[in-house]
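All values derive from a computational prediction rather than experimental measurement.
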Amino acid sequence: MATQFNISKELRRILAAYPQHAARLEPSQVTAMLEVWQEDLADLPDDLLAVACRNHRERSQWLPSIAEIRASAVSLMRQASPARQSASEAWGDVKRAIASIGYVGSPEFSNPATAAAVRRMGWRDICMDDGPEGVIRAQFERFYDAEIARMENAVQQSPAVRDFIGAMAVSPDRQLAPGDTSAVIRRIAEARRVD
């Protein structure tokens, strides 16, 4: 995770790269900016933060927002990771594993999104599917795309935001039972009629 020292160093580099913008900032604004950077970017690894900032400097003429730095980090991860492969390329890896390992083996994939999609679908279920290949392939591609989106979301959102969302999730004991749902809908519809 990014240290305060390295976050401060990257902010100084950003300000040095954009002197036309930095000159307009009061010292108190730079201090506030540093505080926000330290709070919102500390979850990124030092090396990823440094390269994401450099990537932004090379591609934009404007001071970056936190969102732009995170988007740059996602872009770099996508380019550097085996996860950059398309869903159809990942399906090719699955097909090769089926041919070489079969349903009794345990495949290993270098792409973490492929491995996660296979885990969610079930290796044996994929191998034993006797329907048209297009159906299982489409299912795999949906799972794969969802895993890629989940991985990218983990970088785009800070841990504080993810924790907040997790805390807001309704626990299973507070969820409505299937019969309760229709009763709630009926009450809402009746309330609208009264208005």
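- Residue pairs satisfying the side chain to side chain donor-acceptor pair (under 3.5 Å) criterion with at least one member in residues 19-37, sequence neighbours excluded, are absent.
- Its side chain within the 4.5 Å cluster rule, Val104 clusters with Tyr103, Met128 among the Ile, Leu, Val, Met, Phe, Trp and Tyr residues.
- Annotation: side chain to side chain contact (heavy atoms under 4.5 Å, CB included) contacts of Ala149 (sequence neighbours excluded): none.
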What donor-acceptor contacts under 3.5 angstrom involve side-chain atoms of residues 133-140, with partners at least two apart or in another chain?
| from | atom 1 | to | atom 2 | distance (Å) |
| --- | --- | --- | --- | --- |
| Glu133 | OE1 | Lys95 | NZ | 3.3 |
| Glu133 | OE2 | Trp91 | NE1 | 3.0 |
| Arg137 | NE | Glu141 | OE2 | 2.9 |

Only pairs under 3.5 Å count here: list side-chain donor-acceptor contacts from residues 61-71, not counting sequence neighbours, and write none if there are none.
| from | atom 1 | to | atom 2 | distance (Å) |
| --- | --- | --- | --- | --- |
| Ser65 | OG | Ala67 | N | 3.4 |
| Ser65 | OG | Glu68 | N | 3.1 |
| Ser65 | OG | Glu68 | OE1 | 3.4 |
| Glu68 | OE1 | Ser65 | N | 2.7 |
| Arg70 | NH1 | Asp43 | OD2 | 3.4 |
| Arg70 | NH1 | Val155 | O | 2.5 |
| Arg70 | NH2 | Asp40 | O | 2.6 |
| Arg70 | NH2 | Asp43 | OD1 | 2.4 |
| Arg70 | NH2 | Asp43 | OD2 | 3.3 |

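- Looking at residues two or more places apart in sequence or on another chain, you find a side chain to side chain donor-acceptor pair (under 3.5 Å) between Arg150 and Glu147.
- Applying the side chain to side chain donor-acceptor pair (under 3.5 Å) criterion to Asp163, with sequence neighbours excluded, gives no partner residue.
- Phe109 is linked by a side chain to side chain contact (heavy atoms under 4.5 Å, CB included) to Asp93, Val94, Ala97, Pro107, Thr114, Ala115, Val118, Trp123, counting only residues two or more places apart in sequence or in another chain.
- When hydrophobic residues (I, L, V, M, F, W, Y) are linked wherever their side-chain heavy atoms come within less than 4.5 Å, Phe5 remains an isolated member.
- Residues passing the salt bridge (charged side-chain N to carboxylate O under 4.0 Å, His left out) test with Arg13, sequence neighbours excluded: Glu10.
- Shown here are the side chain to side chain contact (heavy atoms under 4.5 Å, CB included) partners of Asp145, two or more places apart in sequence or in another chain: Ala87.
- In this structure, the side chains of Tyr144 and Glu89 stay at 4.5 Å or more apart for every pair of heavy atoms.
- Scanning for salt bridge (charged side-chain N to carboxylate O under 4.0 Å, His left out) contacts around Arg54 gives Glu58, with sequence neighbours left out.
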